[in-house]
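Here's the structure we're looking at; comments come further down.
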2 protein chains.
Amino acid sequence: MTGRTASRGSYAKTAARRQEILEAAFAVFAERGYENGSLRDIADKVGISQGGILFHFGSKIDLLEAVLDLRDARSRELFTTRIADQEPGLPHLRALVDLVRDNVNEPGMIQLYTLLAAEGTAADHPAHAYFSGRYAWLVEQSHLSLLALRDQGLLRAGVEPGHAARSLVALLDGLQLQWLYRPTEIDMVGDLRTSIQQLISVPL
Amino acid sequence: MTGRTASRGSYAKTAARRQEILEAAFAVFAERGYENGSLRDIADKVGISQGGILFHFGSKIDLLEAVLDLRDARSRELFTTRIADQEPGLPHLRALVDLVRDNVNEPGMIQLYTLLAAEGTAADHPAHAYFSGRYAWLVEQSHLSLLALRDQGLLRAGVEPGHAARSLVALLDGLQLQWLYRPTEIDMVGDLRTSIQQLISVPL
DNA sequence: ACAAAACCTGAACGACCACTAAGTTTTCAC
DNA sequence: GTGAAAACTTAGTGGTCGTTCAGGTTTTGT
């Protein structure tokens, strides 16, 4: 009885519309940041009014969260199929390099995360919790891989998994920042490979 | 003759006033970024009107440049007395660790540079050229130190100075970012020391 | 002491912001 | 085809922003 008067549901093309908006928002947030990027910029990119955006996503913060969720879902999908499916250890690290290789072809992704991660250090930023959790997760994943490698006796002498895990994530972020300033000069994938290679005693 | 009608010059306390403004601007830009931090915030902190700020610094961009120049001057002063005065090589790297140790006690400094460096990736950002040059300089300095160490035979096997220099700077930025999210958990100085130690074959 | 330069205020300007409300058009189940 | 819900537009709200400017106050050389 109660379910009879349920809402009619979305139109057929609504999903595609939301997708358009999300991608425009991604581009704007990547280029201008969350605080500085405006709903008008996003609306103009889609060819819709500001109100139209807010019909689909109730507020600017909701839109940011949707963008992050979408990207996170995609990233996690890649990360899952490529990494978590493999046994931890060497394959993990190889997949990490592959992931970075893909990101180089999608510079907006790097720009978005670099900018939002910096903005997000403020405790009241809407993406603060997201990035706080993201770093914890990234470091933990790397830590597990390095622990596995140590058990396999593949770690070089003097490499401490905890320190190396934090450093690996830090190196990634730092390289991305330098790469954004000089994309042609910095070889992110090569530098990452070289650094990982120095952690392990077998060819990567 | 021509010099007769020269301007009278500043009042006695003007220098101190400018200093107050610079420090308030530093705090505001550190906490909210350049784009998001407002002249009103800065004016309130000083206890002056917005117009008062703009009398001393003609525009918001001028103020940012003054803040960066000031910080750069201080940083360069430290870097010069501590580092460039020493012969390049081990003392350089030791001084780098000391510099980071000091920065930990001035978190605003880290926040400012992390946020502005990310904002500055946009080519039209007023701090873009500053950070672009800064990274080139930092990497170059580290490169020179590592080259000197190689000539002294103090580099570990497989360490390539160019790669290691980029990585060292990247590690610094990345650690700062993680530290901003979890200041109590991340030991920036310790992690940096450990990473440097893995580049060289003698105790740091 | 007194003029002039330096300093500073307060009010206004135009532009932009996220968001709301009300009205219009499009879609879709029936 | 028709009615109602979904999708969207248009216009407006109250807010913040950097900057300008006319006018007042303070400091300073003479």
Legend entry - Given C:dC19, C:dA6, D:dA4, the nucleotide with the shortest approach to the side chain of B:T14: C:dA6

Inset, instruction - Spell out yes or no: do the side chain of A:Y11 and the base of D:dA7 have one donor N/O and one acceptor N/O closer than 3.5 Å? - result: no

Inset, instruction - Consider the side chain of A:H56, meaning its heavy atoms from C-beta on, and name the nucleotide among D:dC8, C:dT20, C:dC17 that approaches it most closely. - result: D:dC8

Inset, instruction - Using atom NZ of B:K60 as one end and atom P of D:dT20 as the other, report the distance to the nearest whole Å. - result: 15 Å

Inset, instruction - When you get a sec, tell me which of D:dT19, D:dC8, D:dT28 is the closest nucleotide to the side chain of A:R17? - result: D:dC8

Legend entry - For atom CZ of A:R40 and atom C1' of C:dA18, their distance in whole Å: 10 Å

Inset, instruction - Might you work through the side chain to side chain donor-acceptor pair (under 3.5 Å) test for B:H163 and B:S167, ending with a clear yes or no? - result: CA-CA 6 Å; B:H163 163 265; B:S167 299; 3.3 Å; yes

Inset, instruction - Check the distance between C:dA21's P and A:L54's CG and give it to me in whole angstrom. - result: 12 Å

Inset, instruction - Would you name the heavy atoms of A:W179 and A:I186 that are closest together and state the gap between them? - result: CD1-O, 3.4 Å

Inset, instruction - Identify the two heavy atoms, one from B:Y34 and one from B:L116, that lie closest to each other, and give their separation to 0.1 Å. - result: CB-CD2, 3.6 Å

Legend entry - Nucleotide D:dG18, atom P - distance to CG of B:L63 in whole Å: 10 Å

Inset, instruction - Report the C-alpha distance between B:E35 and A:E35 in whole Å, list the side-chain angles of each, state the deciding distance to 0.1 Å, and finish with yes or no for side chain to side chain contact (heavy atoms under 4.5 Å, CB included). - result: CA-CA 8 Å; B:E35 314 269 17; A:E35 315 269 16; over 6 Å; no

